[in-house]
Amino acid sequence: MLATLKETVSWLRPQIPEETKIGIILGTGLGDLANNITNKKEIPYETIPHFPVSTVEGHSGKLIVGQLGGKPILAMQGRFHFYEGYDMKQVTYPVRVMQFLGFEYLFVSNAAGGMNGSFQVGDIMLIEDHINLFPEHPLRGKNHEALGVRFLDMSRPYDMDLRKLAASIANKNNIKLQAGVYVGTQGPTFETPAEYYYFKIIGGDAVGMSTVPEVIVARHGGLKVLAFSIITDLGVYGKIVEVSHEEVQEAAKIAQPKMAFIMEEVIKQL
Ligand code: HPA
């Protein structure tokens, strides 16, 4: 793992400016944020040594090197989901790469179903905390001290200062920003009504099939995390309707400019 990681990083290093400290994972239907990135250089995943390659529809796989909000950034267009068959080391490999490139921040976006009764489709939720319900843990197995500690504290997974900054930017610009707990599940099925209810009872506000593994590894690697969910459907009793991947992508597209705005402003003010 360490040897392959070093090979990936030394291959990428000359293509990514040393000052780059911000990594962004663009989730389902949120790839449009890539349009705001300037001085772009694209690196397809399949050209990167040891990098997994993404398969699912709507997720094109490439790294985008460039500038956002006046800062150098590296964005992942297309992430690796556990439900696609990748193991957790593959799902989180890009975050390890960011760690070894010396990054300080990870920004993450995803699409999620809302269980909170005050949410509406198209809302953006600032992730305050998460519940990890994936059946495999990204840190399971031998721990390399060079990657992080064996027993990781998770009392503050989502950075408080970044969250405050995001909330104040949303407030000043009249963007409705919800906040809550993200439940991470393996998918690929969406939830049954009973499952949405169960996730609500255990303390969840939104549920999705990503983010939690990447956030755990980012924290293990010492990166500060800011993450958002776009609420693309509702798992709220009485409001549950059929949900398809296409509808999720459509809803995410509509909310995307607001989220892109918040993210870019946060980056400007870092
Ligand atoms: N459940 C799980 N993942 C999702 C959902 C959902 O309702 N919506 C978007 N991603």
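Just so it is clear, the structure is predicted and the values come from calculations on it, not from any experiment. Positions are given from 1 along the sequence. Just so you know, ligand 1 is whichever comes first in the structure, and atom 1 is the first atom listed for that ligand. As a basis for the values below, the full set of heavy atoms in this structure was taken, side chains included, without hydrogen atoms, waters or symmetry mates.
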Problem - Residues Glu214, Arg79: salt bridge by 4.0 Å N-O rule - result: yes
Handout entry: Non-hydrogen atom of Gly235 closer than 4.0 Å to ligand 1
Key = no
Problem - Protein heavy-atom partner closest to atom 1 (N) of ligand 1 - residue, atom, separation in Å - result: Glu191 OE1, 2.6 Å
Completion exercise
re atom 5 (C) of ligand 1, the protein heavy-atom contact at minimum distance is Gly113 N, 3.3 Å
Completion exercise
On a heavy-atom basis, the closest approach of Phe100 and Ala146 is CZ-O, 3.9 Å
Handout entry: Residue, atom name and distance, where the atom is the protein heavy atom closest to atom 8 (N) of ligand 1
Key = Asp233 OD1, 2.7 Å
Problem - Pair Thr8-Tyr93, side-chain donor/acceptor within less than 3.5 Å - result: yes
Handout entry: Glu18 bridged to Arg13 by N-O distance under 4.0 Å
Key = yes
Completion exercise
Of Val207, Val183, Ile230, the residue with the heavy atom nearest atom 4 (C) of ligand 1 is Val207
Handout entry: Thr232 to Ala111 - nearest heavy-atom pair and separation
Key = CG2-CB, 3.7 Å
Handout entry: Atoms of ligand 1, numbered as shown, that sit under 4.0 Å from any heavy atom of Met209
Key = 2 (C), 3 (N)
Practice task
Would you mind checking which non-hydrogen protein atom is closest to atom 9 (C) of ligand 1, with the distance to 0.1 Å?
Solution key: Thr232 OG1, 3.3 Å
Practice task
Verify the distance criterion only: is there a donor paired with an acceptor across the side chains of Lys176 and Gln120 at less than 3.5 Å?
Solution key: yes
Exercise for the section: Taking only heavy atoms of Ala112 into account, list the atoms of ligand 1 that are under 4.0 Å away from them. Expected result: 5 (C), 8 (N), 9 (C), 10 (N)
Fill in the blank from the handout: Note: ligand 1 atoms sitting under 4.0 Å from heavy atoms of Ala111 are 9 (C), 10 (N)
Practice task
For residues Pro17 and Val65, report the shortest heavy-atom separation together with the two atoms involved.
Solution key: CD-CG1, 3.8 Å
